[in-house]
Amino acid sequence: QIGELGANVVRLYTLHPPSLYRALKQHNDSRPDRKLWLVQGVWTELPAGHDYDAPGFVDAFNAEVRRVIDAVHGNLELPERPGHAHGVYDADLAADVLAYVLGREWEPFSVDADNAAHPDSTSVVGRYVRLESGLPIEAWLASTLETALAHESEYYRGQHPVSFTSWPTLAPLVQPTEATVDEEMRFRGQAGDLPPEEIKEYDNDKVNVDIARIVPTEHCPAGIFATYHAYPYYP
């Protein structure tokens, strides 16, 4: 039905049950004129204490990155895990993958906390990606992209383009009409509308994350790209 709509890409935010990948493979093999490319995501929640470099969080997310890549190559058997997909992944979709997109929207307050906690982490020199000078969160993201590229390159002798999820709140643009929380508190205090403690919003322009600072090396011909979730209603 998706193919008949005229779409040509399916994006998954997380690993789905094996039946979906088998169905996609069957569709693409039987209907090459309506092939659906796969953009496969790797989901994570925010780290405890907003510390993206905490060993437990890094190890778990990198393991999930590798699992997802193994799954789309039809090379994974996952035991049952509450709240997660599991089963035998035996459909090789390597020729049907358009790209991998890692992570989720990162809340500005979480990104800001991680930047403050790791001020000296500003560069990454990997085999596949390089960050000469950036924010600590950009260094963590570059390392995650490196993990994905290294795993697929070294285990499957191939590459697909990779990206990480971002959204307008982190875009490298300054929005002069976007009020900060401090401004909101002052405005509402002056107007007598709401006491400051009732303001639930956070600073959408507090920090910018720029994927353009992360560049592929000569060992990454597949390349990297920017991904933004755009909403008509927020922020």
Side-chain angles (χ1 to χ4, degrees), residues 9 11-14 38-47 50-55 57-69 72 97-156 158-175 204-230:
V9 177
R11 180 183 175 186
L12 306 179
Y13 281 61
T14 189
L38 172 63
V39 175
Q40 178 64 56
V42 184
W43 180 261
T44 180
E45 296 296 341
L46 295 179
H50 307 297
D51 185 357
Y52 292 76
D53 288 310
F57 180 75
V58 169
D59 293 345
F61 189 45
N62 284 342
E64 184 69 6
V65 169
R66 297 184 186 101
R67 273 194 295 267
V68 167
I69 292 173
V72 300
V97 174
L98 185 62
Y100 299 105
V101 178
L102 311 182
R104 51 169 283 172
E105 301 97 334
W106 316 100
E107 282 82 345
F109 63 81
S110 183
V111 170
D112 192 55
D114 183 72
N115 287 339
H118 303 282
D120 297 326
S121 179
T122 58
S123 64
V124 171
V125 180
R127 177 173 174 81
Y128 302 98
V129 301
R130 183 178 70 252
L131 172 69
E132 291 187 0
S133 179
L135 299 173
I137 191 66
E138 292 167 348
W140 177 79
L141 290 165
S143 296
T144 305
L145 296 175
E146 176 78 12
T147 295
L149 287 161
H151 184 68
E152 189 167 44
S153 300
E154 294 162 16
Y155 279 83
Y156 299 103
Q159 286 181 5
H160 292 89
V162 294
S163 181
F164 60 80
T165 297
S166 193
W167 58 328
T169 61
L170 295 181
L173 298 169
V174 176
Q175 308 292 338
N204 283 307
D205 259 359
K206 190 171 189 179
V207 60
N208 298 327
V209 175
D210 190 355
I211 196 173
R213 295 192 184 111
I214 305 172
V215 296
T217 71
E218 66 275 14
H219 299 290
C220 181
I224 60 179
F225 62 100
T227 300
Y228 287 95
H229 292 179

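Treat the numbers as computed from the prediction; the structure is a model and nothing was measured.
Between the side chain of Glu152 and the main chain of Ile69, no donor-acceptor pair closer than 3.5 Å is present. At least one donor-acceptor pair closer than 3.5 Å links the side chain of Asn115 to the backbone N or O of Ile137. In terms of modelled atom types and a separation under 3.5 Å, the side chain of Glu146 and the main chain of Arg127 share a donor-acceptor contact. The main-chain N or O of Val101 is never found under 3.5 Å from a side-chain atom of Gln40 such that the two would form a donor-acceptor pair. Side chain of Ser153 to main chain of Gln159: no donor-acceptor pair is present (N/O by atom type, distance under 3.5 Å, no hydrogens or angles).
Remark: of the listed residues Asn208, Val207, Asp205, Val207 is the sole one forming a side-chain contact (heavy atoms from CB on, under 4.5 Å) with Pro108.
Across every non-hydrogen atom of Thr165 and Gly103, the tightest pair is OG1-O, 3.6 Å. Counting all heavy atoms, side chain and backbone alike, Ser143 lies closest to Val124 at OG-CG2, 3.7 Å. Across Ala226 and Ser163, no two heavy atoms sit closer than the pair C-OG, 3.7 Å. Taking both residues in full, the closest heavy atoms of Pro119 and Pro136 are given as CA-CG, 4.2 Å, listed atom of the first, atom of the second, then distance.
With contacts defined as side-chain heavy-atom distances shorter than 4.5 Å, the pair Asp51/Asp114 qualifies. Residues Trp43 and Glu45 form a side-chain contact, since some pair of their non-hydrogen atoms from C-beta on lies under 4.5 Å apart.
For residues 114-139, there are no ring-ring contact (aromatic ring centres under 6.0 Å, His included) pairs, not counting sequence neighbours.
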Leu38/His160 under side chain to side chain contact (heavy atoms under 4.5 Å, CB included): CA gap, chis, key distance, verdict: CA-CA 11 Å; Leu38 172 63; His160 292 89; over 6 Å; no

- request: Would you sort out whether Phe225 and Ile211 count as a side chain to side chain contact (heavy atoms under 4.5 Å, CB included), showing the intermediate values?
  value: CA-CA 8 Å; Phe225 62 100; Ile211 196 173; over 6 Å; no

- request: Could you walk me through whether Trp140 and Val58 pass side chain to side chain contact (heavy atoms under 4.5 Å, CB included), step by step?
  value: CA-CA 9 Å; Trp140 177 79; Val58 169; 3.9 Å; yes

message: Run Val162 and Leu149 through side chain to side chain contact (heavy atoms under 4.5 Å, CB included) and show every step you take.
response: CA-CA 8 Å; Val162 294; Leu149 287 161; 3.9 Å; yes

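In this structure, Lys206 NZ and Asp112 CG are separated by 4.0 Å, a value rounded to the nearest 0.5 Å. To the nearest 0.5 Å, the span separating OG1 on Thr144 from CG on Leu102 amounts to 7.0 Å. Considering CZ of Arg213 and OG of Ser123, their distance stands at 13.0 Å, rounded to 0.5 Å.
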Mind listing the side-chain donor-acceptor pairs of residues 166-174 below 3.5 Å, one per line with the distance, residues two or more places apart or on another chain?
| from | atom 1 | to | atom 2 | distance (Å) |
| --- | --- | --- | --- | --- |
| Trp167 | NE1 | Trp106 | O | 3.1 |
| Trp167 | NE1 | Thr169 | OG1 | 2.8 |

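Within 6.0 Å of atom CZ in Phe109, more than 12 heavy atoms from other residues, nucleotides or ligands are found, so the atom counts as buried in its surroundings.
His151 has its ring centre no less than 6.0 Å from the ring centre of Tyr100.
With sequence neighbours excluded, the residues forming a salt bridge (Lys or Arg N to Asp or Glu O under 4.0 Å) with Glu107 are Arg104, listed by chain and number.
Between Phe61 and Phe57, the ring-plane angle classifies as parallel under the 30° and 60° cut-offs.
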